[in-house]
Amino acid sequence: KQWYQRRVAITAGDNSMSLAGYEQFGTIIVTYSFTSGVQDGVSYNTQGFPRIAYFPDNDEGNDIVDLIKVAFKRRLIFTIGDSVTSGAKNCVVWNDIHHKTSTRRGDTYGYPDPGYLARVTAELKSKGVE
């Protein structure tokens, strides 16, 4: 499945890989791809893309991915700003809805993280997505 927003595509698909803490489930992979461009008269770049996020393929994970799609369509997942990681200016950057971007056990941006699904649900709700 693909969902488009301007020059952006998200591709979500299930596979047989499991995430730490969710070994009994497969994984939903969400890939965000952007092309550089101009927004509101300002050129922006897409350094660090595509970005890939991982969710457990269970009821809660699927519900969250459905909310992620809504948030993406409302342009709430990313914004144009300065990269905290690289210091680059006018980049597409995360917009306060955290994603797990690693499949390595114990990685800061990976699983297991028992409170993550509840936290991301709360972050989406704080942006009006529920």
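The model shown is predicted, which means the values in this text are computed figures rather than measured ones.
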Atom pair [atom1]/[atom2] of [X] and [Y] - distance to nearest 0.5 Å:
X      : Y      : atom1 : atom2 : result
Thr121 : Ile68  : OG1   : CD1   : 8.5 Å
Thr27  : Asn58  : OG1   : CG    : 10.0 Å
Thr35  : Tyr44  : OG1   : OH    : 5.5 Å
Tyr116 : Leu19  : OH    : CG    : 10.5 Å
Ile97  : Ile64  : CD1   : CD1   : 11.5 Å
Arg74  : Lys127 : CZ    : NZ    : 12.5 Å

Close side-chain approach of [X] and [Y], heavy atoms under 4.5 Å:
X     : Y      : value
Tyr22 : Leu117 : yes
Phe25 : Phe55  : no
Asp63 : Glu60  : no
Val93 : Asp82  : no

I need the minimum non-hydrogen distance between [X] and [Y], along with the two atoms involved.
X      : Y      : answer
Ser126 : Glu123 : OG-O, 2.7 Å
Ile77  : Ala71  : CD1-CB, 3.7 Å
Gly106 : Pro112 : N-CD, 3.9 Å

(request) Apply ring pair (Phe, Tyr, Trp, His ring centres under 6.0 Å) to Tyr54 and list each qualifying residue two or more places apart in sequence or on a separate chain. (result) none

(request) Please state whether the rings of Tyr32 and Phe72 are parallel, tilted or perpendicular, taking 30° and 60° as the class boundaries. (result) tilted

(request) Return the set of residues passing salt bridge (charged side-chain N to carboxylate O under 4.0 Å, His left out) with Asp107 (not counting sequence neighbours), or none when no residue passes. (result) Arg104

(message) If we ignore hydrogens and angles and just use 3.5 Å, is the side chain of Asn95 paired with the main-chain N or O of Leu76 as donor and acceptor?
(response) yes

(message) Applying side-chain hydrogen bond (donor to acceptor under 3.5 Å, both in side chains), can you list everything that pairs with Glu23, at least two apart in sequence or on another chain?
(response) Arg105

(message) Test of understanding: with side-chain hydrogen bond (donor to acceptor under 3.5 Å, both in side chains), list the residues that count as partners of Thr46, not counting sequence neighbours.
(response) Ser36

Atom pairs and distances, donor-acceptor, side-chain atoms in residues 85-92, under 3.5 Å, two or more places apart:
| unit_1 | atom_1 | unit_2 | atom_2 | d |
| --- | --- | --- | --- | --- |
| Ser86 | OG | Gln47 | NE2 | 3.1 |
| Ser86 | OG | Ser83 | OG | 3.1 |
| Ser86 | OG | Ala88 | N | 3.2 |

(request) Could you note down all residue pairs passing salt bridge (charged side-chain N to carboxylate O under 4.0 Å, His left out) where residues 109-119 supplies at least one of them, sequence neighbours left out? (result) Lys100-Asp113, Asp113-Arg119

(request) Group every Ile, Leu, Val, Met, Phe, Trp and Tyr by side-chain heavy-atom contacts under 4.5 Å, then state whether Ile29 and Tyr109 land in the same group. (result) no

